[in-house]
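In listed order, ligands and their atoms are each counted from 1. Computed from a prediction, not measured in an experiment: that's the story for all the values here.
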Amino acid sequence: MNQKKQKNTTSISEIGEFKLIDKLSKIVEGKNKNIVKGIGDDAAVLEAENHYQIISTDMLVEGVHFDLAYTPLLHLGYKSISVNVSDLCAMNGFAKQALVSIAVSNRFTVEAIEEIYKGISLACNDYKIEIIGGDTTSSKTGLVISVTVLGVCQKEKITFRSGANVNDLVVLTGDVGGAYLGLQLLKREKEIFLENPSVQPDLEGNNYVLERQLRPKAPVKYIDILNDLNISPTSMIDVSDSLASECLHIAKSSNVCLHIYEEKIPIDYTVMNLAQDFKINPIFCAINGGEDYELLFTIKQKDYDKLKKDIDFTIIGHVVDKSEGNHFIAKDNTAHKLTAQGWDSFKD
Ligand code: ADP
Ligand code: MG
């Protein structure tokens, strides 16, 4: 096929992933009344008898999402489930079953694929879900793992990206920036190894960021905590791309704007230290890095007291009127336009 750009055609990188999805969704717009939510949130939401069925799918592609030079297959299997379960958490629901499809080349042994499935099985045990099917096919190039996860959500608990209101508080679970730094560390050690294969990788003392990158956990525990605290977020999304990009998703879907504060963004001390080694500003990793699989959500101010004592949650900002713009407020009190420089697989 001629790879050169044709007249009247648009390259995908020109518009980016999110505009591409917008265009595709217009072609296939669903109208069935059983569809409570189709394209546009972390999961689709369907009417079921006395609850909602929630469904999401996510794909991991070799060379785009993972590099087998430093990705253990066991962890890859685990991660393929985590990233999907995370999307159902973002709806305030629970995963129950999953379908796993793989495309593999002859380069892989049976034992290698079994190793991926051992990781999948560990994740299924942790999240109490079952694999109910999938598809297996050959690939001429890299390995692809595509997972579809099915789950349930109580009708009164369902949380969309679109429910944030002016004056709501913006909350983030856990901490961010670790997965991005884990990736930088793995890439650096790979480069060193390629230059001099006798040098062993120096990954000592960096377990936290490596685990964040290679074997992330879906944020299921926070859904339980929110339930226990009797808090219903007004909007929610999981942090798969970048904190900045997820803030913009909530803002756009809710027709509001968000202000988030540098001094409030939770960053683990190991991330702080390692960022300094890399001479990267830790806040850059925190807001523009991706794959932290935390939850970003908004709550009504009246719920603040219920949540303030729990160290799992950090208030990082608040919701403002759309006319005010999305802003990142730095420690020196200067406001910067929040842009989605976050991870986009169509950019180089
Ligand atoms: P997430 O980062 O939470 O996985 P995405 O940005 O991948 O979300 O997707 C956003 C929305 O667009 C979801 O509702 C998803 O189902 C939908 N979507 C993504 N890609 C496609 C596609 N190729 N065709 C139809 N819908 C899509
Ligand atoms: Mg998501």
Point to revise | Sidechain-backbone polar pair: D238 side chain, S240 backbone, donor-acceptor under 3.5 Å | key: no
Practice item. Using modelled atom types only, decide if a donor and an acceptor are shared between the side chain of T71 and the backbone of D67 within a distance under 3.5 Å. Key: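 At least one qualifying donor-acceptor pair exists.
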**Study point:** With T148, the side-chain hydrogen bond (donor to acceptor under 3.5 Å, both in side chains) member among D58, T57, N84
**Key:** T57
Identity and distance of the protein heavy atom lying nearest [atom]:
| atom | value |
| --- | --- |
| atom 7 (O) of ligand 1 | E17 OE2, 4.1 Å |
| atom 17 (C) of ligand 1 | I39 CG2, 3.6 Å |
| atom 19 (C) of ligand 1 | I21 CD1, 3.4 Å |

Check your understanding: Do H318 and Y261 have ring centroids that are under 6.0 Å from one another?
Key ->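 Yes, the ring centres sit under 6.0 Å apart.
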Can you name the atoms of ligand 1, numbered from 1 with element, that are less than 4.0 Å from a heavy atom of [X]?
| X | answer |
| --- | --- |
| S240 | 2 (O) |
| F18 | 6 (O) |
| G40 | 11 (C), 13 (C), 14 (O) |
| R161 | 3 (O), 8 (O) |
| D87 | 1 (P), 3 (O), 4 (O) |
| D41 | 11 (C), 13 (C), 14 (O) |
| L24 | 23 (N) |

Point to revise | Salt-bridge contact K79-E211 (side-chain N to carboxylate O under 4.0 Å) | key: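 Looking at E211 together with K79, the answer is no, because their closest N to O distance does not fall below 4.0 Å.
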Review point. Measuring from I145:CD1 to I120:CD1, what's the distance to the nearest 0.5 Å?
Key: 6.0 Å
Exercise for review: Quick one: look at H249 and ligand 1, take heavy-atom pairs under 4.0 Å, and tell me if it's side chain, backbone, both or neither.
Suggested key: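 It is neither; nothing of H249 touches ligand 1.
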Review point. For G325 and V320, which heavy atoms make the closest approach, and how far apart are they?
Key: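 Looking at all heavy atoms of both residues, the shortest contact is O-CG2, 4.1 Å.
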Exercise for review: Evaluate the side-chain proximity of E62 to L68: yes if any heavy-atom separation is below 4.5 Å, no if none is.
Suggested key: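 A side-chain contact under 4.5 Å exists here.
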Check your understanding: Taking distance alone, with no angle check, do D42 and ligand 1 share an N/O pair under 3.5 Å?
Key ->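 D42 vs ligand 1: N/O contact under 3.5 Å present.
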Check your understanding: What protein N/O/S atoms lie closer than 2.8 Å to the Mg ion (ligand 2)?
Key ->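 Short answer, with waters excluded from the count: D42 OD1, D87 OD1, D238 OD1.
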Exercise for review: Take S235 and T298, measure what side-chain hydrogen bond (donor to acceptor under 3.5 Å, both in side chains) needs, and give me the verdict at the end.
Suggested key: CA-CA 5 Å; S235 70; T298 54; 2.6 Å; yes
**Study point:** T173 and D312: side chain donor to acceptor below 3.5 Å
**Key:** no
Practice item. Among K155, K33, K37, find the one that has a salt bridge (Lys or Arg N to Asp or Glu O under 4.0 Å) with E47. Key: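 Between E47 and the candidates, salt bridge (Lys or Arg N to Asp or Glu O under 4.0 Å) is satisfied uniquely by K155.
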Check your understanding: Are there protein heavy-atom neighbours of atom 2 (O) of ligand 1 below 4.0 Å?
Key ->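 Given the 4.0 Å limit, the answer for atom 2 (O) of ligand 1 is yes, a protein heavy atom qualifies.
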Review point. Would you say atom 24 (N) of ligand 1 touches the protein, meaning some protein heavy atom is under 4.0 Å from it?
Key: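 Neighbour list for atom 24 (N) of ligand 1 is empty of protein heavy atoms (cut-off 4.0 Å).
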Practice item. Measure the acute angle between the ring planes of H259 and H327, then classify it against the limits of 30° and 60° as parallel, tilted or perpendicular. Key: tilted
Check your understanding: Would you find more than 12 non-hydrogen atoms of other residues, nucleotides or ligands less than 6.0 Å from K306 atom NZ?
Key ->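 Counting other residues, nucleotides and ligands, NZ of K306 exceeds 12 neighbours.
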